[in-house]
**Q** 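Please read through the structure below; I'll follow up with questions.
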Amino acid sequence: METKDGTHTHTPTTPLPLIISVDDHTVEPATVWQDRLPKKYLDIGPRTVRAPLKEMTFLGGRFKPVMGTPGTDDGPLGDWWIYEDLHRPLTRLDTAVGYSRDEIKLEVITYEQMRPGSYDVPARLADMDVNHVQSALCFPTFPRFCGQTFTEAKDHELGLLCVQAYNDWMVEEWCGPEAHGRLIPLTLIPLWDAELAAQEVRRNAARGVRAVAFSEIPPHLGLPSVHTDDWDPFLAACDETGTVVAMHIGSSSRMPSTSADAPPAVGSTITFANCCFSMVDWLMSGKFERFPNLKVMYAEGQIGWIPYILERADVVWEENRGWGGVADKVHRPPSELFAEHVYGCFFDDAFGLRNLDSIGVGNVLYETDYPHSDSTWPKSREVGEAQMGHLPADVVERIVRGNAIDLLGLTPEGLWGGPR
């Protein structure tokens, strides 16, 4: 079989195993917070309204929508999340599966205009069946990829309640009995307080949660870097409970770009860049030696860039650590630390798969990115077979599901087992 880049893959001798996707997304139902917040917060907590769009831009990695007044302003109608002073619409980019590539535009939509699998558990399981997916870990939409929405809010007492409400919904409903173990919980933390974050990690670990969302580059959110000790209570909780730190591209609220007027295509091409910067941060931070059980993963970062970064990091560590500020805290080559602590995630990376030996079979996870515009749904199986056809069956098994089972503490059948 010839691929689009002119290389050849072998016809797979065995079918692709059922996929465990470590990066899908949920669009939260409108009632998540209204059903769970104390009554006094219902008027300022997250809620939805149908309203027109006045204008919306997405340039230089910045998304800027402006909501019109319902019944007064003209413009396309969409469902908007309202929270304190925030007005955030649902867009076609939030849930693009089922639409042709030419139909996927930056526009507001309503819940009725999205595929039900975006927010409804039975419909999601049906769409997973169509796509050869057994289990899936899902990142948020309205809270953003690591809960930035609540971190940026004025009222952190309310923000903490919103984080806890989301986590309760994630564990009890999205990953509840109706999901039959096929949806894997990913929870949030109050990023503004590492002690509270540690408490939330332990609260959710006690009910079987093994993954928590975090920012790829916290200083972009006005938070401390991983080079400080500020995050140590949170990292200690993750280390002790076996909770994986999951970082999605864009979880620093700043997608990579080159200029204020660069079109979205520029950022879309270099989305891996924040993961690259973040991984070097972690490898040079000393955290993996201080917290030996800590694991981190990079959702939607792809993997083809990893071999060079490891090569360069090892050279810098070997040749420049004396003046590079890491000699006293990084005592082993970064590539060794990567092998024990870091996981790259991909959904379409033929180049990375051709260089798998330079990354490590045990450090790669598969994903489908449902329901985003980059998603390989409903052809994730076909994409995987085309790109992994040259690999032995046991290697494919590890990439497509085995590594995820081990990392996320799933049952041998690949299901989430609930509280331990």
Side-chain angles (χ1 to χ4, degrees), residues 19-29 31-33 35-36 117-125 127-128 133-147 149-150 160-191 197-214 234 237-238 240-248 251 295-297 299-300 343 345 365-371 401 403-420:
I19 297 165
I20 297 177
S21 174
V22 297
D23 171 33
D24 286 356
H25 300 265
T26 178
V27 176
E28 300 80 19
T31 60
V32 168
W33 289 276
D35 285 349
R36 290 169 179 79
S118 303
Y119 58 86
D120 178 76
V121 171
R124 172 59 65 93
L125 299 185
D127 278 353
M128 289 163 62
V133 173
Q134 179 185 30
S135 306
L137 180 85
C138 297
F139 284 81
T141 297
F142 170 69
R144 309 216 300 279
F145 294 141
C146 66
T149 296
F150 305 126
L160 176 60
L161 292 172
C162 287
V163 167
Q164 293 170 336
Y166 177 87
N167 291 341
D168 291 345
W169 169 79
M170 168 61 62
V171 174
E172 297 167 7
E173 291 196 30
W174 185 252
C175 302
E178 201 172 33
H180 305 293
R182 298 181 61 189
L183 295 173
I184 306 161
L186 171 72
T187 51
L188 303 176
I189 54 169
L191 289 163
Q199 292 175 25
E200 191 62 11
V201 166
R202 291 189 172 96
R203 182 176 83 95
N204 291 306
R207 48 185 179 173
V209 176
R210 288 286 299 273
V212 63
F214 190 65
F234 162 67
C238 293
E240 293 164 12
T241 61
T243 300
V244 180
V245 178
M247 293 170 281
H248 195 285
S251 55
K295 310 285 187 183
V296 305
M297 57 170 270
E300 209 172 324
Y343 295 78
C345 312
L365 305 167
Y366 200 43
E367 58 188 25
T368 76
D369 197 31
Y370 179 106
R401 57 186 291 111
N403 290 336
I405 289 173
D406 293 341
L407 180 65
L408 298 171
L410 306 180
T411 69
E413 295 75 28
L415 302 174
W416 179 58
R420 286 169 285 177

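Predicted model only: the values in this text are computed from it and were never measured.
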**Q** Would you say F142 and F150 make side-chain contact, with heavy atoms under 4.5 Å?
**A** yes
**Q** Indicate the atoms forming the closest heavy-atom contact of C345 with V22, along with that distance.
**A**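 Heavy atoms of C345 and V22 come nearest at SG-CG2, 3.7 Å.
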**Q** Measure the shortest side-chain to side-chain distance between W33 and E28 over non-hydrogen atoms and say whether it is less than 4.5 angstrom.
**A** yes
**Q** Does the pair Y119 and V32 meet the rule for a side chain to side chain contact (heavy atoms under 4.5 Å, CB included), with working shown?
**A** CA-CA 11 Å; Y119 58 86; V32 168; over 6 Å; no
**Q** Locate the shortest heavy-atom distance separating G181 from S135; write the atom from each residue and the value.
**A**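 Residues G181 and S135, closest heavy atoms: O-OG, 4.3 Å.
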**Q** Is there a side-chain contact between F234 and V245, using heavy atoms and a 4.5 Å cut-off?
**A**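 In contact.
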**Q** To the nearest 0.5 Å, tell me how far D24 CG sits from L137 CG.
**A**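 Reported value, rounded in 0.5 Å steps: 8.0 Å.
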**Q** Would you check if the side chain of R182 reaches a backbone N or O of V133 as a donor-acceptor pair within less than 3.5 Å?
**A** yes
**Q** So, taking the atom named CG in D23 and the one named CE in M297, what distance separates them when rounded to the nearest 0.5 Å?
**A** 6.5 Å
**Q** Test side chain to side chain contact (heavy atoms under 4.5 Å, CB included) on N204 and M170; report intermediate values, then the result.
**A** CA-CA 10 Å; N204 291 306; M170 168 61 62; over 6 Å; no
**Q** Any side-chain to backbone donor/acceptor pair from W416 onto L408? Under 3.5 Å, distance only.
**A**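 Here the side-chain-to-backbone pair does not exist.
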**Q** Before giving the answer on side chain to side chain contact (heavy atoms under 4.5 Å, CB included), spell out for D369 and E367 the whole-Å C-alpha distance, their side-chain angles and the decisive distance to 0.1 Å.
**A** CA-CA 6 Å; D369 197 31; E367 58 188 25; 5.5 Å; no
**Q** Could you measure the distance from the CD1 atom of I19 to the OG1 atom of T368? Nearest 0.5 Å is fine.
**A** 7.0 Å
**Q** Using modelled atom types and a 3.5 Å cut-off, is there a donor and acceptor pairing between side-chain atoms of T26 and backbone atoms of C138?
**A** no
**Q** Which of these, R207, R203, E200, sits in a side-chain hydrogen bond (donor to acceptor under 3.5 Å, both in side chains) with N167?
**A**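 Exactly one candidate clears the test, E200.
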**Q** Do T243 and V209 have side chains that get closer than 4.5 Å, going by heavy atoms?
**A** no
**Q** Less than 4.5 Å apart, side chain to side chain, heavy atoms only: is that true for M247 and C146?
**A** no
**Q** Report yes or no: does T187 contribute a side-chain atom to a donor-acceptor pair with the main-chain N or O of V212 at less than 3.5 Å?
**A** no
**Q** Compare every heavy atom of H25 with every heavy atom of E300, then report the nearest pair and how far apart it is.
**A** OE1-NE2, 4.0 Å
**Q** Give me the atom names and distance for the closest heavy-atom approach of I189 to A213.
**A**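 Shortest heavy-atom separation between I189 and A213 comes out as CG1-O, 4.1 Å.
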**Q** Between T149 and P143, is there a donor-acceptor pair closer than 3.5 Å when you use the side chain of the first and the backbone of the second?
**A** yes
**Q** When you compare the side chain of Y166 with that of P140, does any pair of heavy atoms fall below 4.5 Å?
**A** yes
**Q** Return the CG to CG distance between D168 and L161, rounded to the nearest 0.5 Å.
**A**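 So the CG of D168 and the CG of L161 are separated by 10.5 Å.
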**Q** Could you walk me through whether Y366 and I20 pass the side chain to side chain contact (heavy atoms under 4.5 Å, CB included) test, one step at a time?
**A** CA-CA 7 Å; Y366 200 43; I20 297 177; over 6 Å; no
**Q** So, the side chain of N403 versus the backbone of L365: is there a donor-acceptor pair under 3.5 Å, distance only?
**A** no
**Q** Would you call E173-R36 a salt bridge at under 4.0 Å N-O?
**A**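 Yes, E173 and R36 are salt-bridged.
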**Q** Which pair of non-hydrogen atoms, one from S118 and one from R124, has the smallest distance, and what is that distance?
**A**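 It is O-NH2, 3.6 Å.
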**Q** Does the side chain of Y370 come within less than 4.5 Å of M128's, by heavy atoms?
**A** no
**Q** Relative to each other, are the rings of F139 and H248 parallel, tilted or perpendicular (30° and 60° limits)?
**A**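 If you compare the ring of F139 with that of H248, the planes turn out perpendicular.
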**Q** Donor-acceptor pair, R202 side chain versus T241 backbone, under 3.5 Å?
**A** no
**Q** Can you find a pair of side-chain heavy atoms, one from P412 and one from I405, that are under 4.5 Å apart?
**A**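 No, too far: nothing below the 4.5 Å cut-off.
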**Q** Mind listing the closest non-hydrogen atom pair of V163 and L188 along with its distance?
**A**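 Heavy atoms of V163 and L188 come nearest at CG1-O, 3.7 Å.
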